[in-house]
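A quick write-up on the structure given underneath.
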Amino acid sequence: MKMFGIDISSHQRQIDWYKIKDKIEFAIIRAGYGKSASQRDEYFERNYSECRKYNIPCGVYWYSYALNTEQALQEADACFEVIKGKSFEYPVYFDIEDGSQTNLGTERISAIAKTFCERLEQLGYWAGIYSYKSFLENNLSYDVRQRYAIWIAHTGTAQTSYSGQFGIWQFSHHGKLDGISGDVDCNYCYIDYPSLMIKSGLNNINMTQTEKNQTYTVKKGDTLWDIAMKFYGDGSAYKKIKLFNNLSSDTIYPEQILKIPE
């Protein structure tokens with residue numbers, strides 16, 4: 001099997017998902033970067049919401065600047081703060097490729113990647129690693145590359161020569177799709193992650209049917225109290241919605257999708 005998909009971030013700005021929904025089979029969305037949840041990608045909520053709206057299977061990635069395992073753990077927790085309560089048919093990828101990391105050595109980089117992935121697994125997610133071919137081969141130990149889902153970037157070639165196992169191959173940085181301004185990264189996936197995710201019960205995937213049947217897309221000016229009034233006729237029931245979506249505060253964002261418990 002081979003499925004075509006894209007990976008996107010704020011660099012693509014506002015995508016017309018209606019135009020591209022029938023041209024792609026999956027999307028990997030940047031959730032954010034660095035050590036703080038405040039570094040959420042500014043288009044993450046919208047991109048996730050549109051994937052759910054048009055039933056596009058999706059995963060996420062978190063761009064790393066970590067130089068040690070302590071920072072990798074902070075990045076993992078920041079990523080979780082951004083993605084918690086959402087479901088993904090594809091893995092949560094640790095994007096390790098920054099120039100500041102290239103001279104850290106295989107042992108240190110492997111420990112950094114392993115720390116992030118282990119933390120996400122503890123939180124109930126299918127963790128993976130993204131990087132370009134030479135970085136993976138020269139900076140990550142074989143056991144780490146075998147242990148986690150690998151998403152490899154190797155462009156300018158008809159077929160990647162990467163020697164290890166991988167599930168997704170990013171083959172171009174210069175894709176063109178009507179509905180996206182400028183270039184977009186293009187990928188092939190060779191693993192049926194959505195089916196595996198259902199079997200594993202990871203990534204909150206068992207909530208997917210609930211999302212389709214009983215969800216609410218936050219509108220500008222909405223509060224959790226307003227939404228609770230709409231569905232329950234009781235504003236104080238907002239605590240039920242907050243708990244069900246694993247929200248750490250009462251703050252919600254326009255176009256954020258909330259699951260509404262019965």
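For the numbers below, each heavy atom of this structure counts, side chains included, while hydrogens, waters and symmetry mates do not.
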Between Lys220 and Pro254 the two heavy atoms that sit nearest each other are CA-CG, 4.1 Å
In this structure, CG of Asp77 is separated from CG of Leu123 (nearest 0.5 Å) by 7.0 Å
Ring centres under 6.0 Å, that's the criterion: do Tyr232 and Tyr238 meet it? no
Decide yes or no on salt bridge (Lys or Arg N to Asp or Glu O under 4.0 Å) for Glu45 and Lys86, but give the supporting numbers first. CA-CA 10 Å; Glu45 295 293 345; Lys86 295 178 171 61; 3.2 Å; yes
Is there a side-chain contact (heavy atoms from CB on, under 4.5 Å) between Glu89 and Ile205? Walk through the geometry before answering. CA-CA 7 Å; Glu89 295 84 0; Ile205 201 63; 3.6 Å; yes
Pair Trp151 and Tyr93, ring centroids less than 6.0 Å apart: yes
Kindly compute the distance separating CH2 (Trp62) from CZ (Arg40), expressed to the nearest 0.5 Å. 8.0 Å
Give the minimum heavy-atom separation between Gln12 and Asp183, together with the two atoms involved. NE2-O, 3.1 Å
Determine, step by step, whether Lys242 and Asp250 satisfy the side-chain contact (heavy atoms from CB on, under 4.5 Å) criterion, reporting the C-alpha distance in whole Å, the side-chain angles of both residues, the deciding distance to 0.1 Å, and the verdict. CA-CA 7 Å; Lys242 180 178 177 180; Asp250 293 349; 2.9 Å; yes
Between atom SG of Cys58 and atom CG of Asp7, what is the distance when rounded to the nearest 0.5 Å? 13.0 Å
Taking C-beta and beyond as the side chain, do Lys133 and Ser161 meet within less than 4.5 Å on heavy atoms? yes
Just to verify, which of Tyr61, Trp126, Tyr48 counts as forming a ring pair (Phe, Tyr, Trp, His ring centres under 6.0 Å) with Phe88? Tyr48
Sequence neighbours left out, what passes ring-ring contact (aromatic ring centres under 6.0 Å, His included) with Trp169? Give chain and number order. Phe171
Quiz question: by atom type and distance under 3.5 Å, do the side chains of Tyr216 and Asp222 form a donor-acceptor pair? yes
What one should report as the nearest heavy-atom pair of Ile112 and Ala66 is CD1-O, 3.7 Å
Partner set under side-chain hydrogen bond (donor to acceptor under 3.5 Å, both in side chains) for Lys35, not counting sequence neighbours: none
Ring centroid separation for Phe116 and Phe94, is it under 6.0 angstrom? yes
Note: Ser134 and Asn139 closest approach over all heavy atoms is O-ND2, 4.2 Å
Within the structure provided, determine whether Ile180 and Ile6 are in side-chain contact (heavy-atom separation under 4.5 Å). yes
Could you tell me whether the side chain of Arg30 reaches within less than 4.5 Å of the side chain of Ile8, counting heavy atoms only? no
How close do Ala31 and Phe44 get, counting heavy atoms only, and between which atoms? CA-CD1, 3.7 Å
Results of side-chain hydrogen bond (donor to acceptor under 3.5 Å, both in side chains) for Tyr33 - residues two or more places apart only: none
Between Gln170 and Ile152, is there a donor-acceptor pair closer than 3.5 Å when you use the side chain of the first and the backbone of the second? no
Using ring centroids (six-membered ring only for Trp), state whether Tyr65 and Tyr63 fall under 6.0 Å. yes
